[in-house]
Number of protein chains: 2
Amino acid sequence: MRMSEGVEWAMHTCLNLAWVGADQAVPAARLAAFFELPAAYLNKQLQALVRAGIVRSVSGPRGGFRLARAPDEITPMDIVAAIEGTEEAFRCTQIVARSPRGDPTVDYRKGCAVARTMRKADLAWRAELAARSLADIQADVERHTPTIGQDIRGWFAA
Amino acid sequence: MRMSEGVEWAMHTCLNLAWVGADQAVPAARLAAFFELPAAYLNKQLQALVRAGIVRSVSGPRGGFRLARAPDEITPMDIVAAIEGTEEAFRCTQIVARSPRGDPTVDYRKGCAVARTMRKADLAWRAELAARSLADIQADVERHTPTIGQDIRGWFAA
DNA sequence: GAAATACTACTCGGATAGCGTCTGTCCGAGTACAGCCGG
DNA sequence: CCGGCTGTACTCGGACAGACGCTATCCGAGTAGTATTTC
């Protein structure tokens with residue numbers, strides 16, 4: 001159960017976009033250069049963020065990506081769901097229905113005690129990810145490195 | 001972030017072993033037949049449970065698998081960790097260290113705010129899985145189907 | 001001089017290969033039981 | 001009749017292919033800005 005590496009890229013890239021501000025668009029190549037990442041592949045992840053409505057894209061010269069919402073309206077859950085998909089990690093294939101006592105015509109996804117247990121854990125995970133926002137994480141970083149916003153704006157302006 | 005299908009098999013199979021009781025060993029082929037699963041592949045999952053110390057194996061005629069601990073001493077977390085491994089889903093590759101302000105010689109896995117956020121959610125997920133036991137799930141099923149234990153013991157005896 | 005137009009450079013977007021991990025399968029090592037042989 | 005032994009059948013355990021999804025890359029569609037041409 002390994003999460004895609006693109007999640008880490010998307011999280012840090014969205015943070016950079018938050019610090020740069022939504023008034024200017026940043027090209028994928030420049031966003032990738034910041035972390036020395038392959039630009040084409042980061043572009044692919046950014047497309048997923050566009051489809052999820054987290055960032056907006058602008059084509060052509062002076063184009064690039066910018067946040068579609070305020071940082072306090074974007075949660076880690078949104079970003080993870082955009083990259084990894086919305087379906088939960090544990091997929092109940094209803095093997096109980098194939099057991100001697102099972103009924104193939106019944107939907108066991110709600111009733112199965114195992115599925116319920118896994119779903120409850122999944123919901124706890126999702127709730128934790130949805131409880132924070134990009135703004136919270138920004139504040140967290142700024143507490144340790146107060147000049148981070150200014151530094152990043154400067155780097156992307158140069 | 002898709003969980004291995006073997007987790008579902010292992011969970012339900014461990015439940016069956018719990019109902020059968022630890023006094024008799026059940027062959028992998030019979031455990032697989034209960035859910036119409038490929039026996040060789042279920043055997044592979046059972047080997048992982050053996051390595052994790054959740055079940056004990058006995059070779060030769062009258063051999064098979066039996067629970068190594070009481071059902072109330074086995075948590076879903078134990079089974080998931082046995083099949084999926086113990087490392088967390090989000091792996092921090094420390095891309096921050098490659099940023100202009102980063103230092104490649106520093107370990108960012110503890111300090112990175114993104115990694116902390118993901119780790120906290122992961123811990124919430126693990127805590128939920130560790131809070132229940134096989135015995136709890138057994139009781140949950142027996143509430144809906146009181147004869148399940150007797151039925152399963154009968155099926156595996158026949 | 002101004003406006004319309006063609007051109008160029010730049011960026012996103014989706015389509016296209018390469019690779020690793022999960023899925024599925026097989027055969028060999030080891031063991032308990034049963035039958036057989038000898039005392 | 002009893003004990004030891006050999007053979008057999010059964011089961012686990014690790015080694016061996018195949019398939020799916022993640023990783024990585026490329027080129028085409030579309031756009032803004034600019035230079036040019038024409039009135």
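Not measured: the values here are computed from a predicted model.
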| task | May I ask you to say what A/Arg30 touches in the nucleic acid, namely base, sugar-phosphate or nothing, with a heavy-atom cut-off under 4.0 Å? | result | nothing
| said: If I take atom CH2 in residue A/Trp9 and atom P in nucleotide D/dC22, what distance separates them, rounded to the nearest angstrom? | reply: 14 Å
| Carboxylate-amine/guanidinium proximity below 4.0 Å for A/Asp140 and B/Arg116 | yes
| query | So, is B/Tyr41 near the phosphate of C/dT23, with a side-chain N or O under 4.0 Å from OP1 or OP2? | reply | yes
| field | Gap between atoms NZ and P, on A/Lys44 and D/dT25 respectively (whole Å) | value | 13 Å
| note | Against the side chain of B/Arg2, the closest entry in C/dC22, C/dC10, C/dT21 is C/dC22
| query | Ion pair present between A/Arg119 and A/Glu88, side-chain N to carboxylate O less than 4.0 angstrom? | reply | yes
| query | Under 6.0 Å between the ring centres of B/Trp9 and B/Tyr41? | reply | yes
| said: Assuming nearest nucleotide by heavy-atom distance, tell me which of A/Ser59 and A/Met3 is located more 5' along DNA chain D. | reply: A/Met3
| field | Interatomic distance where CD belongs to A/Gln45 and C1' belongs to C/dG14 [whole Å] | value | 14 Å
| Roughly, in whole Å, what's the span from CG in A/Leu46 to P in C/dG13? | 9 Å
| message | On the nucleotide D/dG13, are OP1 or OP2 found under 4.0 Å from the side-chain N or O atoms that B/Ser57 carries? | response | yes
| When the distance from CD of A/Glu84 to C1' of D/dG21 is rounded to whole Å, what number comes out? | 11 Å
| request: Could you tell me whether the phosphate oxygens of D/dC12, OP1 or OP2, come under 4.0 Å of any side-chain nitrogen or oxygen in B/Arg51? | output: no
| Atom pair distance, as rounded to whole Å: CG in A/Leu37 and P in D/dC22 | 19 Å
| request: Give one of base, sugar-phosphate or nothing for B/Arg56, where a contact means two heavy atoms less than 4.0 Å apart. | output: nothing
| query | Just to confirm, is there a sub-4.0 Å distance from OP1 or OP2 of D/dT23 to any side-chain nitrogen or oxygen of A/Ser4? | reply | yes
| request: Using a 4.0 Å heavy-atom cut-off across all strands, classify B/Ala28 as base, sugar-phosphate, or nothing. | output: sugar-phosphate
| message | So, does A/Gln47 get its side chain near the phosphate of C/dG14, meaning an N or O under 4.0 Å from OP1 or OP2? | response | yes
| Candidates D/dA9, D/dC26, C/dA15 - which lies nearest the side chain of B/Pro61 | D/dA9
| Rounding to a whole Å, what distance do you find between A/Ile83:CD1 and D/dA24:P? | 14 Å
| Side-chain donor or acceptor of B/Ser99 paired with backbone N/O of B/Val96 under 3.5 Å | yes
